[in-house]
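Comments concern the structure below.
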Amino acid sequence: GENVEQHPSTLSVQEGDSAVIKCTYSDSASNYFPWYKQELGKRPQLIIDIRSNVGEKKDQRIAVTLNKTAKHFSLHITETQPEDSAVYFCAASIYNYGQNFVFGPGTRLSVLP
Amino acid sequence: EAGVAQSPRYKIIEKRQSVAFWCNPISGHATLYWYQQILGQGPKLLIQFQNNGVVDDSQLPKDRFSAERLKGVDSTLKIQPAKLEDSAVYLCASSFTDGRNTIYFGEGSWLTVV
């Protein structure tokens, strides 16, 4: 089955700097890659996603890149702010009958003022 | 739109006791998921329903966990008997099945087994 790895497990950056989180997946059939942000004690919330027919997607300060050949995708956050501090999860899924999502172990991002 | 509703939010039980969690998905979402999230880890799928049928329950510890979605809307996850290692957040999520892909999570049910 699918296996998703995520690095780093923790990341500290100064406010205003950029943050990059990387994920790799094992199943070449995976075709949808969302990123979720989870604040302490809250539900995971979708922040951006990318499909396998696209190499890059951007939404304001957040961008995601996908390399299907290497089977990895990355989350890029620019001009980080203290409210970006949270745990970020990547996931990979294959759309068949519904969705079957496999999540990475998470990255704890701390933005230091 | 209303989100995924879960209850109870918090539960503390002793090992070997039983517990049940309830979930009501977003209206119109045919797919419902139960995930287990142990502290410091990513969510792990326990079971996935499509309407009232099971799509995937390969990681559900069936000797102690059970789940049902009898009318294809709300769902119940039961643990009996509970073990210490079942302490986790149980997240319910739902999604459409028409290619829109996105899954929406509930706030979770926090279980502590002592």
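Here side chain to side chain donor-acceptor pair (under 3.5 Å) pairs that include residues 5-20 of chain B, with residues two or more places apart or in two chains, number zero. Within the structure, salt bridge (charged side-chain N to carboxylate O under 4.0 Å, His left out) pairs that include any residue of residues 65-79 of chain A do not occur (at least two apart or interchain).
At a threshold of 4.5 Å between non-hydrogen side-chain atoms, the residues A:Val87 and A:Leu109 do not count as touching. Proximity of A:Asp49 to A:Tyr32: side-chain heavy atoms (C-beta onward) are separated by under 4.5 Å at one or more points.
Counting heavy-atom pairs closer than 4.5 Å to chain A, the top residue among B:Ala93, B:Ser58, B:Pro43 is B:Pro43.
By the ring-ring contact (aromatic ring centres under 6.0 Å, His included) test, A:Phe33 is found to be paired with A:Tyr25, A:Phe73, residues two or more places apart in sequence or in another chain being considered.
Proximity to chain B (any heavy atom under 4.5 Å) is shown, for A:Pro34, by neither the backbone nor the side chain. For A:Gln45, no part sits under 4.5 Å from any heavy atom of chain B, backbone or side chain.
Ion pairing of A:Glu39 with A:Lys37 is present here, as a side-chain N (NZ or NE/NH1/NH2) and a carboxylate O approach within less than 4.0 Å. Between B:Lys62 and B:Asp57 there is a salt bridge, since a side-chain N of the basic residue sits under 4.0 Å from a carboxylate O of the acidic one.
Inspection of non-hydrogen atoms places B:Phe105, B:Gly106, B:Glu107, B:Trp110 of residues 105-114 of chain B under 4.5 Å from chain A.
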